[in-house]
Amino acid sequence: MATHLASAPGRVNLIGEHTDYNGGLCLPFALPLETTVELTPRPDGEVHLRSAEAGRWDGTLDDVRAGAATGWAAYVAGVLWALAEAGHPVPGCDLRISSTVPLGAGLSSSASLEAAVAVALADHLGLPLDDAGRRSLATACIRAETEYVGAPTGGLDQLAVLLAEEGTAVLIDFEEPTTTRRVPLALPGAGLGILVTDTGVRHQLAAGGGYAERRAQCEAAARALGRPTLRPVEIGDLDRLYDPVLRRRARHVVTENARVTAVAAAAGAGDWTRVGAHLTASHASLRDDFEVTVPALDLAAATAEEHGALGARMTGGGFGGSTLALVPLARADAVRAGIDEAFTRHGLPRPTHHLVEPSAGARPLSR
Ligand code: ADP
Ligand code: MG
């Protein structure tokens, strides 16, 4: 049977962290790193998964339906399951996977994998890949990750990698119903780039831990304020949160939503100094109020600024992963070298850097 090739990028979130599951705002864009999937449908209902990064899994569509795929294979099986649940005639298949997105680095290798599988299947099934079609694939990928894998993530990653376009970020508003708008990010024209630094410190979302705890705290804070989510909460409302931890968590979310709006406006106006200042303020909020940074993230962000970045912050869920820095292209090498030197001085392993600009979203390669 015909083979279907598809790829999907990783993403960085320029700003708007831990807001997605709070009905809030975020502003991600796609990376030039991507997962590629080759899908060959099979008539016998068998499912054979091969990942260059993770190994192999063999089973059947019945196994997939029964939830038998675990570990990395659950991210793939979850997409097959979710598209079948949505009523599509998902076939047995061979899937070959390879990726340049680092796994667990906060650059969304998981959504990249899910979206590549979803687009390959969409190509086979003849599903539309306009905005509406991409949105329903994102819904399937979100169900794969939250329901099949069991990682309580909020949907930012899947919408970002499916809706991204070159040269733009995607402003996502998670207030029901979720809406999206593309925001041009004219970085190269301004002599700027985003330096993404993978600290090498790894997190584990599916294990629950800090991410699930933060999510529960945000829900508790909204409940205590008598609101369905933290979205309608204003800064003045926070005095009514008597638990100091809940108050800090909520303050991060409320101020972060405001920063997303401010960054979208400042980027549109070409005010990159202001964009940088908001990135730095976001990092401080994630460090002090939301408490999801680790020393390597704090060090990378602070060092980037010392060496000429206009602003820097952790990106992704935190507890490890990556930072991003808004850098003049002429300073990129100096920032990179400065971070390497600081990591060595602190006895940390050498980080990995990617100088990136907003790249294309998930797409079929065989159409
Ligand atoms: P992130 O999305 O930030 O990289 P996650 O913990 O959300 O981190 O997802 C990482 C997990 O996704 C990996 O541990 C693995 O289970 C799965 N995964 C991602 N990319 C691949 C791949 N190329 N092959 C197999 N599994 C992958
Ligand atoms: Mg992920």
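This one's a predicted model, so the numbers in the text were calculated from it and none came from an experiment. In each ligand, atom 1 is the first atom listed, and ligand 1 is the first ligand listed.
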* Asked: Any N or O on Ser109 sitting closer than 3.5 Å to an N or O of ligand 1?
  -> yes

* Does atom CZ of Arg96 have more than 12 heavy-atom neighbours from other groups under 6.0 Å away? -> no

* Short N-O contact, Glu219 and Arg223, less than 4.0 angstrom -> no

* Taking the inter-plane angle between the rings of Tyr148 and Trp81 on a 0 to 90° scale, is it parallel (under 30°), tilted (30 to 60°) or perpendicular (over 60°)? -> tilted

* Neighbour count >12 (heavy atoms, 6.0 Å) for atom CZ, Arg274 -> no

* **Criterion side-chain hydrogen bond (donor to acceptor under 3.5 Å, both in side chains) against Arg313, the qualifying member of His278, His283, Glu17** => Glu17

* Backbone, side chain, both or neither: what part of Ala105 comes under 4.0 angstrom of ligand 1, heavy atoms only? -> backbone

* From the options Leu113, Leu103, Asp198, select the one whose nearest heavy atom is closest to atom 13 (C) of ligand 1. => Leu103

* Asked: Is the Mg ion (ligand 2) less than 2.8 Å from at least one N/O/S atom of Ser110?
  -> yes

* To do: Before signing off on this row, confirm whether Ser98 and ligand 1 have an N or O atom pair separated by under 3.5 Å.
  => no

* Asked: Quick one: which ligand 1 atoms are inside 4.0 Å of a heavy atom on Ser99?
  -> 23 (N)

* Taking the side chain as every heavy atom from C-beta outward, state whether Met314 and Val292 have any atom pair closer than 4.5 Å. => yes

* With a cut-off of 4.0 Å, which atoms of ligand 1 are near a heavy atom of Ser108? -> 1 (P), 2 (O), 3 (O), 4 (O)

* Run the contact test for Gly106 against ligand 1 with a 4.0 Å cut-off on heavy atoms, strictly below, and give the result. => yes

* To do: For Pro102 and ligand 1, answer yes if some heavy atom of the residue is under 4.0 Å from a ligand atom, otherwise no.
  => yes

* Asked: Can you find an N or O of Gly104 that's nearer than 3.5 Å to an N or O of ligand 1?
  -> yes

* Nitrogen or oxygen of Ser110 less than 3.5 angstrom from that of ligand 1 -> yes

* To do: Just jot down the ligand 1 atoms closer than 4.0 angstrom to any heavy atom of Ile97, in number order.
  => 23 (N)

